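The structure appears right after this line, and notes come after that.
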Amino acid sequence: MWRGLLLKGTACVLQAAAQRFLHQRHFSSPSLSLLTQRLLHRPATAPLRLQGTGYFLAHTWDRGYKKDTKSTEFPVSPVTITDIKQYLRSKDLSFHDGYSCLHIPSIFVEASARKDSFSLFIDKTTGQFLCKDTLVEGSWEDLQDCLEVMQKEEQDFLSPHVLLGYLESVEEQEERERELREVQSIWSSSVPLSDLPEDEAELIKAMFQITKISNATLKKFSVRLFKPTKSLVFPWFGGPDSSLKGIKLLLAQRTDSDRVTYNEATVPKSSSYYNLFGLPLVSRVDSEVVVTGQELDALAVSQATGLPSVALPRGVSCLPPILLPYLEQFKRVTLWLGGDIRSWEASKIFSRKLGLRRCSLVRPGEFRPCPVEALARGQNLGHIIKASIPAAHKSIVSFKQLRDDVYGELVNTDQVAGVKWTRFPELNRILKGHRKGELTVFTGPTGSGKTTFISELALDLCMQGVNTLWGSFEINNVRLAKIMLTQFAMQRLEENLEQYDFWADKFEELPLYFMTFHGQQNIKTVLDTMQHAVYLYDINHVIIDNLQFMMGQENLSVDKFAVQDHIIGIFRKFATNSSCHVTLIIHPRKEEDDRELQTASIFGSAKASQEADNVLILQEKKLVTSPGRRSLQVTKNRFDGDVGIFPLDFIKASLTFSTPIKGKHKLRKVANKPENEEEVAGKAVGAAPVKKEEVKKEKAEKATKATKTPRTVKSPATGHETTQK
């Protein structure tokens with residue numbers, strides 16, 4: 001990160017959050033001179049930086065996400081495990097090949113105290129390193145710079161202060177100190193449950209549905225009660241001195257259906273909350289651990305089985321890579337993140353980070369709920385853990401191995417359908433929900449509002465906790481963020497500037513990230529960025545707007561349709577392998593203004609519609625004016641086959657779309673008036689259709705009436721008038 005002090009780089013992924021100051025470094029003059037010389041001779045394209053995210057829940061008890069004060073380097077050309085090993089060998093550094101990290105002796109500990117300890121961990125995917133002895137962390141290039149300084153100055157170790165310290169503003173320093181005081185105040189004001197009167201302690205346990213958790217277990221994990229809000233307090237002890245670094249508050253609330261829901265908040269809120277709850281109780285000789293999604297589950301597993309158990313700080317939403325070194329010592333990791341489909345999907349994703357060959361997963365089911373519920377039912381948690389299935393499977397399986405998965409999907413049909421949209425209920429009726437691992441192709445006429453619509457569609461999901469990565473190659477991120485902020489606030493903020501900070505603060509808490517690419521890009525660069533974002537932030541939804549803008553950098557001598565097919569195949573594979581939903585916007589081919597788009601209207605060959613799980617078309621009647629001329633059509637739905645179309649209203653004041661009330665609008669045509677009423681009845685949009693049989697019946701009645709009416713006829717031969725019926 002030193003090069004950021006000297007060179008201006010181009011970031012590949014940007015979170016919707018404010019900028020922070022970078023690390024402050026302390027070097028001797030020769031070291032600083034060496035680093036400056038190395039940095040000035042590096043390429044102008046500085047490493048790409050991903051702002052880290054620290055999970056917290058504000059005092060309003062709403063789930064949120066906020067950027068960490070630390071920055072993580074994200075290179076344009078990602079480092080490979082081969083590069084890391086070759087460099088370490090060139091420096092004569094021995095290393096152990098771990099599950100997700102390489103282990104080397106720490107260069108921040110004196111050689112006499114180092115002994116045979118391999119306490120510095122290097123992430124195999126990103127090159128990010130962490131020294132568990134000193135808590136020094138940084139990027140792969142930071143580590144390279146440190147090793148070069150050691151070699152230049154002929155030192156056998158570096159002071160940990162080389163990579164510690166921040167350039168903090170007065171406001172940031174005051175905020176940090178205030179939060180530390182708040183942590184100490186809440187912790188000192190809370191009381192252990194074992195110190196409460198027995199009847200009061202039982203009442204609290206009943207409120208949280210943990211009556212089977214003993215006081216001894218609560219005392220072992222240092223769980224306390226904060227009486228003013230009747231919240232359980234889970235401490236975060238960390239650092240070489242195991243000091244109190246933060247707390248998590250858990251509040252229980254009963255719903256109308258007599259179910260208990262949990263709301264949580266963490267302090268401090270402005271820094272990363274990287275607490276593996278229960279880690280201080282793990283011994284260095286332990287080789288097995290159970291990883292849970294909630295602190296109460298960790299208590300239940302520890303009490304019922306005696307096995308080491310830890311809880312992830314952000315539940316099933318994310319496994320921060322910075323926590324991986326703390327799980328390297330275990331030869332067997334059992335992931336029991338909950339009792340629903342979402343926890344099962346998260347278990348499969350997290351096992352890839354932890355190393356498939358050592359992970360086993362507890363498949364949720366009727367007799368395998370979350371640990372704290374299983375304990376309350378009197379089930380044997382040890383048997384459930386022993387029955388967990390290995391994460392790594394062979395290439396060929398039988399139905400016997402798939403049987404429980406099939407049953408799980410039949411039992412949990414609503415959860416399998418995915419996350420529901422709150423702003424588009426008609427889309428839920430057709431697609432049933434937003435699911436991981438799928439590829440959605442979205443198209444619509446030029447100027448119809450494709451980007452505006454898909455931004456609201458993605459925002460709807462992001463507001464429900466779906467980690468989202470936007471790749472906008474057609475409009476810049478500032479304009480896109482302005483559109484999404486307007487949709488989020490449901491009003492024009494340029495007319496209400498006094499409310500900007502309020503809505504911007506709330507918008508900043510969303511798990512929303514942007515690629516800073518603009519214009520034509522190479523598919524390999526885009527794919528590398530997506531893969532690292534999925535690894536670092538557990539991205540669940542990637543939007544690419546649009547496909548045509550990525551085709552300009554490809555080999556122009558190759559057929560453009562072949563290039564497009566290749567790119568679509570890459571995105572299809574990425575969605576499946578990463579268990580991440582990819583929404584791909586593709587411009588349609590040119591069609592007549594009076595013709596509706598079809599699946600065949602998607603630009604290119606048929607591969608786009610063949611590879612896609614869902615095909616969505618934004619239809620627009622260009623010859624029709626007034627609200628309601630747009631509609632969304634689902635022409636492919638691989639999940640259950642339902643297709644359909646529903647109208648949309650565009651609300652210009654908030655840049656949002658909504659499903660109009662039936663019969664609300666009757667639209668008129670702008671074109672010339674048709675010659676007869678029958679044509680109007682057959683073509684007018686929104687009017688009740690006139691059936692052909694009714695038209696024929698009206699004509700027959702007129703003809704019958706005409707035959708019954710007497711009329712006078714003059715004979716051309718005689719000139720006499722006669723009356724006929």
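Bear in mind the structure is a predicted one, so any value in this text is a computation, not a measurement.
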Heavy-atom check, side chain of [X] versus side chain of [Y], under 4.5 Å:
| X | Y | result |
| --- | --- | --- |
| Ser188 | Gln184 | no |
| Ile585 | Thr443 | no |
| Val267 | Trp187 | no |
| Val615 | Val634 | no |
| Trp470 | Asp545 | yes |
| Lys248 | Glu295 | yes |
| Val534 | Phe574 | yes |
| Leu480 | Ser455 | yes |

Could you go through the salt bridge (charged side-chain N to carboxylate O under 4.0 Å, His left out) check for Arg178 and Glu174 one step at a time? CA-CA 6 Å; Arg178 184 194 64 78; Glu174 291 177 351; over 6 Å; no

Side-chain donor-acceptor pair under 3.5 Å between [X] and [Y], yes or no?
| X | Y | answer |
| --- | --- | --- |
| Ser343 | Asp340 | yes |
| His532 | Thr126 | no |
| His587 | Asn546 | yes |
| Gln491 | Gln499 | yes |

When you measure from the side chain of [X] to the backbone N and O of [Y], does any donor-acceptor pair fall under 3.5 Å?
| X | Y | answer |
| --- | --- | --- |
| Thr468 | Val466 | yes |
| Ser190 | Ile186 | yes |
| Lys432 | Arg429 | yes |
| Ser448 | Pro445 | yes |
| Ser579 | Ala575 | no |
| His581 | Arg435 | yes |
| Gln128 | Gly138 | yes |
| Lys353 | Tyr535 | yes |
| Asn428 | Lys420 | no |
| Asn467 | Tyr537 | yes |

Going through the checks in order, is the side chain to side chain contact (heavy atoms under 4.5 Å, CB included) test met by Gln531 and Leu536? CA-CA 9 Å; Gln531 289 173 336; Leu536 290 170; over 6 Å; no

Please report the C-alpha distance between Thr440 and Leu584 in whole Å, then the side-chain angles of each, then the deciding distance to 0.1 Å, and finally whether the side chain to side chain contact (heavy atoms under 4.5 Å, CB included) criterion is met. CA-CA 6 Å; Thr440 294; Leu584 186 60; over 6 Å; no

If you apply the rule salt bridge (charged side-chain N to carboxylate O under 4.0 Å, His left out), what do you find for Arg342 with Glu345, and how did you get there? CA-CA 5 Å; Arg342 189 183 177 200; Glu345 292 177 348; over 6 Å; no

Rounded distance (nearest 0.5 Å) linking atom [atom1] of [X] with atom [atom2] of [Y]:
| X | Y | atom1 | atom2 | value |
| --- | --- | --- | --- | --- |
| Glu456 | Arg423 | CD | CZ | 5.0 Å |
| Thr583 | His541 | OG1 | NE2 | 3.0 Å |
| Ser631 | Glu620 | OG | CD | 9.5 Å |
| Gln487 | Asp460 | CD | CG | 10.5 Å |
| Ser189 | Phe226 | OG | CZ | 5.5 Å |
| Ile454 | Leu459 | CD1 | CG | 12.0 Å |

Check step by step if side chain to side chain contact (heavy atoms under 4.5 Å, CB included) holds for Tyr274 and Lys245. CA-CA 10 Å; Tyr274 294 133; Lys245 300 182 66 176; over 6 Å; no

With a distance cut-off below 6.0 Å to the six-membered ring centre and an angular limit of 45° from the axis, does Arg630 pair with Phe650 as a cation-pi contact?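 Checked: cation-pi criterion met.
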
Take Met463 and Leu510, measure what side chain to side chain contact (heavy atoms under 4.5 Å, CB included) needs, and give me the verdict at the end. CA-CA 6 Å; Met463 291 169 64; Leu510 296 177; 4.1 Å; yes

How are the rings of Phe234 and Phe277 set relative to one another: parallel (under 30°), tilted (30 to 60°) or perpendicular (over 60°)?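 Rings of Phe234 and Phe277: perpendicular, over 60°.
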
Where does the angle between the aromatic ring planes of Phe517 and Phe473 fall among parallel (under 30°), tilted (30 to 60°) and perpendicular (over 60°)?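 The rings of Phe517 and Phe473 lie parallel, inter-plane angle below 30°.
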
Minimum heavy-atom separation for [X] and [Y], please, with both atom names.
| X | Y | result |
| --- | --- | --- |
| Ile247 | Pro235 | CG2-CA, 4.4 Å |
| Phe350 | Ser317 | CZ-C, 4.4 Å |
| Arg479 | Asn476 | N-OD1, 2.8 Å |
| Cys580 | Ile539 | SG-O, 3.6 Å |
| Ala346 | Val316 | CB-O, 3.6 Å |
| Thr229 | Leu251 | O-CD1, 3.2 Å |

Flag if over 12 foreign heavy atoms under 6.0 Å of CZ, Arg492: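 Count over threshold, so yes.
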
Could you check Lys506 against Glu509 for salt bridge (charged side-chain N to carboxylate O under 4.0 Å, His left out), going step by step and ending with a plain yes or no? CA-CA 5 Å; Lys506 286 184 171 295; Glu509 296 174 3; 6.0 Å; no

Please confirm whether the ring centroid of Tyr500 lies under 6.0 Å from the ring centroid of Phe507.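 No, the ring of Tyr500 stays outside the 6.0 Å limit from the ring of Phe507, centre to centre.
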
Please check if the distance between the ring centroids of Phe646 and Phe424 is under 6.0 Å.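 No.
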
Check each of Ile543, Ile544, Val582, Val542 against Leu469 using the side chain to side chain contact (heavy atoms under 4.5 Å, CB included) test, and report the only one that passes.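 Of Ile543, Ile544, Val582, Val542, side chain to side chain contact (heavy atoms under 4.5 Å, CB included) with Leu469 is met by Val542 alone.
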
